[in-house]
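For the numbers below, each heavy atom of this structure counts, side chains included, while hydrogens, waters and symmetry mates do not. We name chains A, B, ... by the order of the sequence lines, and we start the count at 1 in each one.
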Protein chains: 2
Amino acid sequence: MTRTVFEKTDVVPLIAEVFRELGYEGASMSKITARTGLSKGSLYYFFPGGKEEMAAEILAHVDAWFVSKVFEPLEQHDPQQAISEMWQEVETYFNSGKRICLVGAFALDETRDRFDAVICQYFKRWIDALCAALVRAGTTRETAAIVSEEAVGGIQGGLILARALKDDLIFGRTVAGLAERVSKCIPGGTH
Amino acid sequence: MTRTVFEKTDVVPLIAEVFRELGYEGASMSKITARTGLSKGSLYYFFPGGKEEMAAEILAHVDAWFVSKVFEPLEQHDPQQAISEMWQEVETYFNSGKRICLVGAFALDETRDRFDAVICQYFKRWIDALCAALVRAGTTRETAAIVSEEAVGGIQGGLILARALKDDLIFGRTVAGLAERVSKCIPGGTH
DNA sequence: GTCTATAGAGTGATAGAC
DNA sequence: GTCTATCACTCTATAGAC
């Protein structure tokens, strides 16, 4: 019998892609075993709580990525640089719109109710972090709050359009448009 | 014994809400029978093709609604009035963000591949119709194309944020913001 | 031998099709 | 309601590292 040894840190991103592509309900255990190469035994060894625990860990993993790559820089670093890096990270992470936002997808159906705290926190922190960065860059609190919502929402909308239209360029246009509008509300911003 | 007689036209909107709330995979036949009051027999009488035929008819029904209430007015009526009515219809239809876009939700997971022609057509026609209305109102073709994408995408993003944050006001703010930006690119528009 | 990780047959429940 | 396939999940067996 061959024995492949997995580590949990390697397993989480694999399962994440299955949930991302098939959704919570569509990601059956058999699909997960087929696409990850892990047996049911291994999956339940890593995640005794089953499918719900897998999804919870995956959401936490996605959230942690955004915290370190996007939210914390926006909250702590130079605001203009952090915002500019945010657009870059977003374009790369979502692979020009070919990869969707797992948190956004989970928000749309009853899956939201299973994970509502994480889902709500993710978007709230993103909007608040961007807003705080804009305020530090000199934007008024009112404008910053409105623009931050528009930017985070706009990214989600761009991902839906990219998948719906099977258009590899639309997400880039969306991000570029949002970046321009955000930078225009920074006094002395590059535009 | 009581006997409730259903007509297919009454059944489609009922099933539509189940798909909208639970997603394609989450909307099991038992959930559909439970929430519509229809027996499995009735469902297969109305939809011999099963679940896939139900979803296809529901998508067609949603699309037809948008064609008559949004796309055709944008394509044919007074552009400024049609655009202003679009925002009104969108706010009402999505119930201030408490109701999501079925087409957008289907676009996110592998459900898209089952219905990709309808899903693509829906968003393409919406963007094109809005773009054409803006051009008729005097906007340059280039600006109109960009703004139309931003508006249709922005609506989808607003719906995701509304559900994720459980915020009844954010969708209204999103629509108001988009409406303002759209009207600003019309020469002599009301702003 | 112990311990950790893996395999996969087998469980009852429920899916969608008819 | 009845069908078969598949669901999430359990359990036993065991491979390999120590």
Side-chain angles (χ1 to χ4, degrees), chain A residues 1-61 102 105-106 109-115 118, chain B residues 1-6 8 11-12 14-61 102 105-106 109-115 118:
Chain A
M1 196 197 323
T2 51
R3 210 179 104 99
T4 316
V5 179
F6 294 91
E7 294 218 19
K8 201 168 175 178
T9 38
D10 304 324
V11 165
V12 167
L14 290 175
I15 304 175
E17 289 314 299
V18 185
F19 276 106
R20 200 188 296 276
E21 288 170 32
L22 307 178
Y24 184 78
E25 294 293 339
S28 67
M29 295 303 289
S30 60
K31 289 262 174 61
I32 295 171
T33 58
R35 302 215 0 199
T36 59
L38 277 102
S39 66
K40 269 185 275 186
S42 300
L43 286 173
Y44 277 91
Y45 175 76
F46 287 131
F47 309 97
K51 196 172 161 174
E52 184 152 356
E53 189 180 330
M54 285 177 213
E57 283 211 32
I58 282 152
L59 281 173
H61 182 258
L102 187 70
F106 277 12
D109 59 31
E110 30 62 292
T111 309
R112 180 200 58 177
D113 302 328
R114 285 180 192 268
F115 307 109
V118 204
Chain B
M1 197 190 348
T2 51
R3 205 177 97 98
T4 314
V5 179
F6 292 94
K8 202 167 174 176
V11 166
V12 167
L14 290 176
I15 304 176
E17 290 313 301
V18 185
F19 276 105
R20 200 188 295 276
E21 289 170 31
L22 306 178
Y24 184 77
E25 294 294 338
S28 67
M29 297 301 286
S30 58
K31 288 262 172 63
I32 296 171
T33 59
R35 303 215 357 198
T36 59
L38 279 105
S39 68
K40 288 185 196 179
S42 302
L43 285 174
Y44 275 90
Y45 172 77
F46 287 131
F47 310 96
K51 195 172 162 174
E52 183 151 359
E53 188 179 331
M54 286 178 213
E57 284 212 31
I58 282 152
L59 280 173
H61 182 258
L102 188 70
F106 278 12
D109 59 32
E110 31 60 290
T111 310
R112 180 200 60 175
D113 302 328
R114 286 180 191 268
F115 308 110
V118 206

Looking only at D/dA8, C/dG10, C/dC18, the nucleotide nearest the B/Lys40 side chain is C/dC18

B/Met54 atom CE is separated from C/dG16 atom P, nearest whole Å, by 9 Å

**Report entry** Side-chain heavy-atom pair B/Tyr24, A/Asp109 within 4.5 angstrom cut-off
**Finding:** no

Separation of C/dC18 atom P from B/Glu52 atom CD, nearest Å, is 12 Å

Worksheet item: Is there side-chain contact between A/Ile15 and A/Leu38, with heavy atoms separated by less than 4.5 Å?
Response: no

To the nearest angstrom, the CZ-C1' distance between B/Arg114 and C/dG16 comes to 11 Å

Rounded to whole Å, CD of A/Glu25 lies from P of C/dT14 at a distance of 14 Å

Here the distance between atom P of C/dA15 and atom CD1 of B/Ile32, to the nearest Å, is 11 Å

Separation between NZ (B/Lys31) and CD (A/Glu110), nearest 0.5 Å, reads 6.0 Å

Rounded to whole Å, the CZ-C1' distance (B/Phe19 to C/dG16) equals 11 Å

Winner on side-chain proximity to B/Ser30, out of D/dG1, D/dC7, C/dA15, is C/dA15

From NZ of A/Lys51 across to C1' of C/dT14 the rounded distance in Å is 13 Å

Rounded to whole Å, CG of A/Leu22 lies from P of D/dC7 at a distance of 11 Å

Of A/Tyr44 and B/Gly41, the one whose closest nucleotide on DNA chain D sits nearer the 5' end is B/Gly41

Run the salt-bridge test on A/Lys8 and A/Glu57 with the 4.0 Å N-O cut-off and return the result as yes or no. yes

Checking D/dA8, C/dA17, C/dT6 against the side chain of A/Ser42 (C-beta onward), the nearest is C/dT6

Note to self: Would you say A/Ser39 places a side-chain N or O within less than 4.0 Å of OP1 or OP2 belonging to C/dT6?
What the structure shows: no

